[in-house]
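Taking it in order: structure first as C-alpha cells, then the write-up.
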Amino acid sequence: MKAATWTLVEEDGSLTLHAEGDWTALTLDQASRQPLPAVGGQQANRIDVSALGRIDTTGALLLLKLMPTDGEILFGTRDDVRRLANLVAPGMTPHEDSPPPRGYLTGFFARFGQQIIEIAHDAYAMLVFTGQMILALGGTLLRPRRLRVTPLFAVMQESGINALPIVFIMTFFIGAIIALVGTNLLTSLGVEIFTVELVGVAILREFGVVIAAILLAGRSASAFAAQIGSMRMNQEVAAMQVMGVDRFDALVTPRILAALVMIPLMTFVGDLGGLLGGLLVSWATIDISPSFFVTRLAETVSIKHFWIGMGKAPFLALLIAAAGCRHGMMVGGDVQSLGRHVTSAVVQSVFLIIMFDAIFAVIFMVLGL
Amino acid sequence: MNNGLADPLAIRVTGLRTAFGDKVIHDNLDLEVRRGEILGVVGGSGSGKSVLLNTILGLQQPDAGHVEVFGEDMGRSQGDVQRRIGVMFQQGALFSFLTVLQNVEAPMLEHTRLAPGFMREAARLKIRLAGLPAHAADLRPAELSGGMRKRAGVARAIALDPDILFLDEPTAGLDPIGAAEFDALIRDLRDTLGLTVFMITHDLDTLYAVCDRVAVIADRKIVTTAPLHELEQSDHPWIRDYFLGPRGRAAAEQQDSI
C-alpha cells in the first residue's frame with residue numbers, strides 16, 4: 001500500500017496533476033492535509049490518473065476536490081476511476097453546513113432558558129405522576145384485589161431484606177464514629193457520660209432512618225428506574241397498556257408499597273447497628289460497660305426519639321420509590337436516556353431525603369418534640 | 001493490501017465446528033465466498049446463521065476448523081483485516097450517543113489520519129451513497145426510522161471502503177418498497193465499489209433480486225452453495241420446502257416476470 005501523492009506538470013500554459021500511489025481511505029492521510037495544488041496562483045485543471053494505483057470512493061472524492069469544477073480528469077483506460085468519479089460527483093454540490101455556532105453569551109442564555117423550560121416540564125411531570133400514583137394507591141386501598149402480590153413480595157425481598165446487612169454495617173460505623181468524636185469532645189468537658197445520650201439521640205432520631213433511606217435510594221431507586229425504563233425501551237409497558245393492564249398497578253404500586261413496608265424494618269436494623277457501634281466504642285475508649293450503656297440509654301434517651309425516626313421513615317420511602325418509578329416511566333427510546341434517568345432517580349431521591357429531613361427537623365423543633 | 005490478490009476467494013471456512021455445551025451448532029462446516037460475489041446465506045431459525053457470521057468476524061471462537069478472510073486467520077489477525085471488512089448488524093448497532101455523521105466518522109477516526117474537514121466530507125459522501133438524505137447526518141440513531149437506521153448502518157460499514165461487506169438480515173423489518181430499494185443499493189454498491197457481500201437473509205425477494213449464489217445451512221453444515229436456479233432443482237427436503245413453498249414460488253414468478 002503506497003501513500004497517495006501527486007506531481008504537477010505544466011504544459012501549454014495549463015497545469016496537469018499526475019496522481020500517483022494508492023488513493024484509498026487508508027492512504028490519504030498526507031494528501032488530504034495538503035493545500036490545493038497550484039503553481040503561481042494557477043490551479044491544476046486536469047488530472048492524469050494513468051499512474052494511479054488502487055482507488056476507492058474516498059480517493060475519488062479527494063481527486064475531484066483537487067481541481068476546479070470545470071476541470072477535467074483524463075481517464076484514459078481507467079474505467080474504474082471513471083465509474084467512481086461518476087458515483088461521487090453528484091454529491092459534490094456544496095451542502096449547507098450546520099448553523100454556525102452561537103456566540104458565547106447567546107449560547108449561555110439559550111442553555112439557561114432551555115434549563116428553565118426543562119425544570120418546568122419536570123415539575124409538571126412530577127405533579128402528574130404524583131396524582132396518578134395517589135389514584136393508583138387509593139384504588140388499591142379501596143379494592144385490595146388489584147394489588148399484585150408476587151411483585152410486591154419480590155421487591156420487598158430485594159429492596160428490603162437483602163439491604164439489611166449493609167444498613168446494619170453502615171450505621172454500625174456511623175454509631176462508632178459519633179461515639180469516638182463525642183467522647184473526645186465530651187471528655188475535655190468532663191462529661192463523657194453524655195456520649196450515651198449523644199449516640200442514642202443521633203442514631204435513633206436521624207442517622208438510623210437517613211442511612212436506611214440513602215441506601216434505599218442507592219440500591220432501589222436506581223433499580224426501579226432501570227427496571228421500568230428498560231421495560232419501556234422494550235415496549236413492554238406499551239404491551240401492558242394494550243392488554244388493559246394498568247401500568248401503575250403493575251409496576252408502581254408494588255414497588256412503592258414494598259418500600260413503605262420495608263423501610264421501618266430497615267430503620268430498626270439501622271438503629272440497632274448504630275447503638276451497637278456506639279456501645280462498643282464507649283466500652284473500649286471510656287470504659288462504659290455495655291450493661292451501664294443500655295441502662296443509661298433507657299433512662300435518659302426518651303423513646304420519642306425512636307418514634308420520630310420511625311415516623312419519618314415512610315415519608316422518605318414514598319419519596320424515594322416515587323422518584324425511582326417516575327424516572328423509569330420517563331425513559332425514552334434510547335440507552336442514553338435510560339442512563340440519564342437512572343442517575344437522576346438517585347440524585348433526586350438523595351436530595352429529597354436530605355431536604356425533607358431538614359423540613360422535619362424544623363417542624364419537630366417548632367412542635368417542641 | 002496486495003496479499004492474496006491472486007486468490008479468487010474472499011472468505012474460506014474449513015472444517016468449522018461450534019458448540020455451546022452439548023448443543024452442536026456447526027459440525028464440519030465448509031464455506032467459500034468468491035471475490036466480488038453477493039452470497040446469500042439462508043437457513044431455518046436457530047440453524048446458526050448468526051453464529052457463522054460471528055465466527056467469520058472473529059467475535060466467536062470456533063471449537064475446531066479455520067476461518068480465513070483474504071488468506072488471513074481471523075482469530076489471530078491484528079486489525080489489518082478489520083480495516084478491509086464492513087459489518088451491518090441486524091439492528092444497525094449504531095452508537096446511540098453519536099450522530100449519524102459521527103457514527104460514520106468513527107471507523108475513519110480509528111484507522112486514518114485524514115484532515116478533519118475532508119473526513120467530514122467523506123462521511124457525508126458515504127451517507128449519500130447509503131441512500132440517506134443529507135439532513136440525516138446530524139440526527140441521532142433514536143431519531144431515525146428502522147429503514148434509515150439500516151442505511152446508516154451501511155454508511156458506517158462502507159466508511160473505509162471495505163472489500164467485504166457483511167450484512168445481517170438487511171431487509172428484515174422493512175416495507176417491500178424500502179426492501180426493494182435496499183436490494184438495489186446493495187447491488188449498486190457491489191457493482192460500483194467491487195464489493196464482496198456476505199448476506200444473511202430470510203427475504204426470498206432479496207435472494208432472487210441480488211444474490212449471485214446462495215448457501216444453505218441445514219443439519220449443522222452448509223448443504224449446498226449454488227445459484228438460485230440450481231437450488232430450485234435440488235431434492236434436499238429443506239431446500240424444496242424453502243424455495244418451492246408458496247412464498248418461494250411467488251418470489252420466483254415475480255422475478256421471472258420482470
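These numbers come from the heavy atoms of this one structure, side chains and all, not from hydrogens, waters or symmetry mates. Here is how names work: the chains are called A, B, and so on, in the same order as the sequence lines, proteins then strands, and each is numbered from 1.
Atom CD of A/Q30 sits in a sparse spot, with 12 or fewer heavy atoms from other residues, nucleotides or ligands closer than 6.0 Å. Heavy atoms from other residues, nucleotides or ligands lying under 6.0 Å from CD1 of A/I116 number more than 12. The 12-atom threshold is not exceeded at CD of A/Q235, counting heavy atoms of other residues, nucleotides or ligands nearer than 6.0 Å.
A donor-acceptor pair is defined here as one N or O able to donate and one able to accept, closer than 3.5 Å; such a pair exists between the side chain of A/R33 and the backbone of B/R113.
Heavy-atom minimum distance, A/S32 versus B/A115: OG-N, 2.9 Å.
Side-chain contact check for A/D29 versus B/L114: some heavy-atom pair is nearer than 4.5 Å. When side chains are defined from C-beta on, B/L129 counts as touching A/L87, because their heavy atoms get closer than 4.5 Å. A/R83 places none of its side-chain heavy atoms less than 4.5 Å from the side chain of B/D191.
Both the backbone and the side chain of A/L28 come within less than 4.5 Å of a heavy atom in chain B. Heavy-atom distances place no part of B/D188 under 4.5 Å from chain A, backbone and side chain included. For B/A137, no part lies near chain A; criterion is any non-hydrogen pair under 4.5 Å.
Legend: residues meeting ring pair (Phe, Tyr, Trp, His ring centres under 6.0 Å) with B/F118, ordered by chain and number and at least two apart, are absent.
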Intermediate values then yes/no, side chain to side chain contact (heavy atoms under 4.5 Å, CB included), B/L125 and A/V88: CA-CA 7 Å; B/L125 167 68; A/V88 171; 4.0 Å; yes
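From A/T58, atom OG1 reaches atom CE of B/M108 across 5.5 Å, with rounding to the nearest 0.5 Å. In this structure, the separation between CG on B/D161 and OG1 on A/T57 is 3.0 Å, given to the nearest 0.5 Å.
Between A/R54 and B/D163 there is a salt bridge, with a side-chain nitrogen of the basic residue lying less than 4.0 Å from a carboxylate oxygen of the acidic one.
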